[in-house]
Protein chains: 2
Amino acid sequence: MVSTLKPQLGANPERARSHNKQLVLRAIRHVGTAGRAEIARASGLSTQAVSNIISDLLGEGLLIEQGVRSAGRGLPVQQYAIKPDGGYAFGVEVRPTAVFTALVDLVGTPVLTRRTPLRSAEKSTILETVFAQLDSVLTETQIGKGALMGAGIVMPGPFGDTGLTGTDSELPGWNTGDPAEIFANTLDLPVFVENDANAAAMAERMNGIARGLDDFAYLYFGQGLGLGLVQKGQILQGAFGNAGEIGHIQVLVDGQAVALESATSRLSVQAFLAREGLEVTNMEDLISLYSSANRHLLLWLDNAAQALSSALSIIENLFDPQTVILGGAMPDELLDHIIARTALPERSVSNRPDRVHPRLMRGTSGRMTATLGAAALVLHQAFTPTIAEAR
Amino acid sequence: MVSTLKPQLGANPERARSHNKQLVLRAIRHVGTAGRAEIARASGLSTQAVSNIISDLLGEGLLIEQGVRSAGRGLPVQQYAIKPDGGYAFGVEVRPTAVFTALVDLVGTPVLTRRTPLRSAEKSTILETVFAQLDSVLTETQIGKGALMGAGIVMPGPFGDTGLTGTDSELPGWNTGDPAEIFANTLDLPVFVENDANAAAMAERMNGIARGLDDFAYLYFGQGLGLGLVQKGQILQGAFGNAGEIGHIQVLVDGQAVALESATSRLSVQAFLAREGLEVTNMEDLISLYSSANRHLLLWLDNAAQALSSALSIIENLFDPQTVILGGAMPDELLDHIIARTALPERSVSNRPDRVHPRLMRGTSGRMTATLGAAALVLHQAFTPTIAEAR
DNA sequence: AGCGTTAACTCAACTTTCTTGAGTGTTCAA
DNA sequence: TTGAACACTCAAGAAAGTTGAGTTAACGCT
């Protein structure tokens, strides 16, 4: 979901330049540092065009010179890299009880992250809090608003009034109106809104384990379980922005059909352990239970792995991704355990001898993944050529 | 899967023009006939640019003048339409025992369709047959090869060596090498290869019930059951071209987990009825059983509808499409019956009050859907702007 | 019926951006 | 030492889009 006007699909010199600029930035980002000729080959532009564009980008402060490198014959290569402070992205994760914010620089390094409790989950409170945080973050970091390229907002999906409405941890009052537009008006910035799983997937793609991957799926442990889908480098949103609602599909655990997220989610492990009289409220509780090899937790993990195996079969056969990443608000040890115990379906298009990536990998999880992913939405946009595909 | 070299991502005047041309063609195709100003508004180009492009396209024989229409004030609109004989697409569907071919004009009207039995399912036999058919079709229709814009090939997936290899009706010898490239070399044409479900989805989008839809799913009754996914107007292919292999995922029928296509496919109904001593070999047999309200068939239909309901839940929640279309090699009556009996999952992101399309619709099925879809792949390309999104 | 307004379209000048080809400088290898 | 390979720059040229003024036709108000 984006807050933009109708895209201008036609190409003219100006739009072509903008497109090519982003192409050059992306090519440089892809390899870290690069010279003109290399970029020209990667983009299909002439060296001269790349030269001109680079000189523009240097002027705009988006690139820095990175010394020369003499590689083989010929004139040594003058190299360029993304200038980290060439721009910033504001990432926001809205949860019912708190707002997480992050300011991230152009290469994806977090400059500052914060957690701000919410007085209430009211729409107006959220908007005020986010606005105040933006303001305070900018003054604290001494970064001008002009350097801000946009804001990414992570909100619990699904968006709009759907058959899943009324479940989980929703926020009241957002079913009407386009959230992206509302935030864009409040913040006076380009705004991108996604659910946690999609944002987390983008975070992994920008700076995590999914760097360089263009087609993958991300299973995100949030309150429930979400699925972020990246196809040809783009988030798969669906017609109404609600693709990836995997939590409610039925999977098999011990021959019984259950909703995936009733077997595989943070709420699920809490409920499962509560039935055994164990109260876990945070990740540390889980870690200590795991390190003491608590048999109830181990049982839950096995159930989760079983459910996950079914889910994996569905995801792989429907999307044929390069890999499936597991991450989110769950301790790394537990994710690793689940991954090790998850049977990789044999009857799957992903079961191919020539694979280069494992079928199931752990993400660089952490509490802030989704928030940083929110910021990554903005960066992704900045590095994505603008002349759009057909609609 | 496409047989092209690395795409030239950079924009230059020439590529911009090609992009804009396709934009204009698509805008005209979208509404049937259109004037310059209208196209300019739709594309974000100036009227003048559109004028120049239209004059080019007239010269290339891709457009025809379509008289004037005086709409309100102002100078009457000079209208243009796609010239049907401005180009042709060759569609091929390869099955183990026969090759189906179709020649389709620029607006999607079939000029000629054929079924050619195969002497064997050998790769070389197939290539020879397809080549001979292309030749014979061109001479019979008196259409020059220069007017051919490309060939679309439908082959049973999955492509490459996967965990699903060894099942169903595969063709031997295609697991190595890129089929698109092999056909491109044989036919000396741009070639697009997809599975039957994807091609059928494109057929529906070009001239069928999915006209104007950009995000939908197509459940295709072939030998098994395939899923064609269209996202933002493009076929979702997956990292290795095998997305949509839905037939092998587990669904619930009467509380039992079964593979979807063991409950919902042509093979499935044949097997089910065979167990009751009923032999059906073609669609007519099914139709007559249905019109006599055969209780075994009705039972199978109920099972199929149950399985489909599970599948629908998965498809809707993972893709959030505008609609799901059911079609392929199954009589319309039976499809309608299944659709009427399929419970629409309540817990689905597609269960929204503001829907405009039904959640489940019947495609304009027919024996040739996939073959015409093969041709539609070529047409789709011709109407899709070329400056690509990020990869 | 007359006349101003609206709208589509064309013409010609101008602008932006890309490409091309010649030229320069550096490095490696024979 | 010399020539080939390669990165890059300079200057000229080409392609395609935009802009703004001008033309034509239809509508609608008086």
Side-chain angles (χ1 to χ4, degrees), chain A residues 7-24 27-28 31 33-60 63 65-81 385-387, chain B residues 8-25 27-28 31 33-60 63 65-81 385-387:
Chain A
Q8 298 295 302
L9 300 164
N12 60 24
E14 194 182 339
R15 285 179 221 152
R17 169 72 99 163
S18 150
H19 175 96
N20 289 342
K21 268 186 190 170
Q22 282 163 298
L23 211 54
V24 168
I28 294 176
V31 293
T33 70
R36 293 161 164 83
E38 187 180 350
I39 298 167
R41 282 189 296 266
S43 62
L45 291 169
S46 63
T47 328
Q48 184 58 58
V50 173
S51 263
N52 296 339
I53 289 167
I54 283 185
S55 122
D56 263 26
L57 293 172
L58 284 170
E60 291 169 31
L63 288 184
E65 298 198 352
Q66 196 77 322
V68 294
R69 172 182 54 104
S70 65
R73 285 188 181 179
L75 196 73
V77 181
Q78 171 63 56
Q79 299 199 111
Y80 297 90
T386 43
I387 299 185
Chain B
Q8 299 295 301
L9 300 163
N12 61 23
E14 194 182 338
R15 302 208 270 259
R17 168 71 96 158
S18 149
H19 174 96
N20 289 342
K21 268 186 192 171
Q22 282 164 298
L23 211 54
V24 168
L25 284 173
I28 294 176
V31 294
T33 70
R36 294 160 163 85
E38 186 180 350
I39 298 167
R41 283 189 295 266
S43 62
L45 292 169
S46 62
T47 328
Q48 184 58 58
V50 174
S51 263
N52 297 338
I53 289 166
I54 283 185
S55 122
D56 262 28
L57 292 172
L58 284 171
E60 291 167 32
L63 288 184
E65 297 198 355
Q66 195 76 324
V68 294
R69 171 181 54 104
S70 64
R73 288 190 179 180
L75 220 170
V77 180
Q78 172 62 57
Q79 298 200 112
Y80 298 89
T386 43
I387 299 186

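All of these numbers come straight from a predicted model, not from anything done at the bench. Reminder, nothing fancy here: chain letters follow the sequence lines and each chain counts from 1.
- The structure places CG of B:Leu25 at 5.5 Å from CG of B:Leu63, a figure rounded to the nearest 0.5 Å.
- The side chain to side chain contact (heavy atoms under 4.5 Å, CB included) test applied to A:Ala27 returns A:Ile39, not counting sequence neighbours.
- A:Ala81 is linked by a side chain to side chain contact (heavy atoms under 4.5 Å, CB included) to A:Thr33, A:Ile64, A:Gln66, counting only residues two or more places apart in sequence or in another chain.
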For nucleotides 28-30 of chain D, give me every protein contact, N/O to N/O, under 3.5 Å, one pair per line with atom names.
| from | atom 1 | to | atom 2 | distance (Å) |
| --- | --- | --- | --- | --- |
| D:dG28 | O4' | B:Arg73 | NH2 | 3.1 |

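- Considering only residues two or more places apart in sequence or on other chains, B:Glu65 meets the side chain to side chain donor-acceptor pair (under 3.5 Å) condition with none of them.
- With a heavy-atom cut-off of 4.0 Å to chain A, the contacted part of DNA chain C has its first and last nucleotide at C:dT16 to C:dA29.
- Screening residues 44-60 of chain B for salt bridge (charged side-chain N to carboxylate O under 4.0 Å, His left out), with sequence neighbours left out, gives B:Lys21-B:Asp56, B:Lys21-B:Glu60.
- Atoms CZ (A:Arg36) and C1' (D:dA7) sit 9 Å apart, rounded to a whole Å.
- Partners of A:Ser51 under the side chain to side chain donor-acceptor pair (under 3.5 Å) rule, at least two apart in sequence or in another chain, are A:Arg36.
- Proximity of B:Glu38 to B:Arg41: side-chain heavy atoms (C-beta onward) are separated by under 4.5 Å at one or more points.
- Pairing each heavy atom of A:Gly44 with each of B:Arg15, the nearest pair is O-NH2, 3.0 Å.
- Rounded to whole Å, atom P of D:dC6 lies 14 Å from atom CZ of A:Arg69.
- Every side chain to side chain contact (heavy atoms under 4.5 Å, CB included) that A:Ala49 has, sequence neighbours left out, goes to A:Leu45, A:Ser46.
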Polar atoms only, N or O, under 3.5 Å: list the protein pairs with nucleotides 10-16 of chain D and their distances.
| from | atom 1 | to | atom 2 | distance (Å) |
| --- | --- | --- | --- | --- |
| D:dC10 | N4 | A:Gln48 | OE1 | 2.5 |

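- Taking B:Arg69 as the reference, B:Gln79 meet the side chain to side chain donor-acceptor pair (under 3.5 Å) condition, with sequence neighbours excluded.
- Under the side chain to side chain donor-acceptor pair (under 3.5 Å) criterion, B:Gln22 pairs with B:Thr386, not counting sequence neighbours.
- Taking the nucleotide of DNA chain C with the nearest heavy atom to each of A:Leu75 and B:Gly35, the more 5' of the two is matched to B:Gly35.
- Atom NE2 of A:His19 is separated from atom C1' of D:dG17 by 17 Å (rounded to the nearest Å).
- Note on B:Ser51: only backbone sugar-phosphate atoms sit closer than 4.0 angstrom, heavy atoms only; bases stay farther off.
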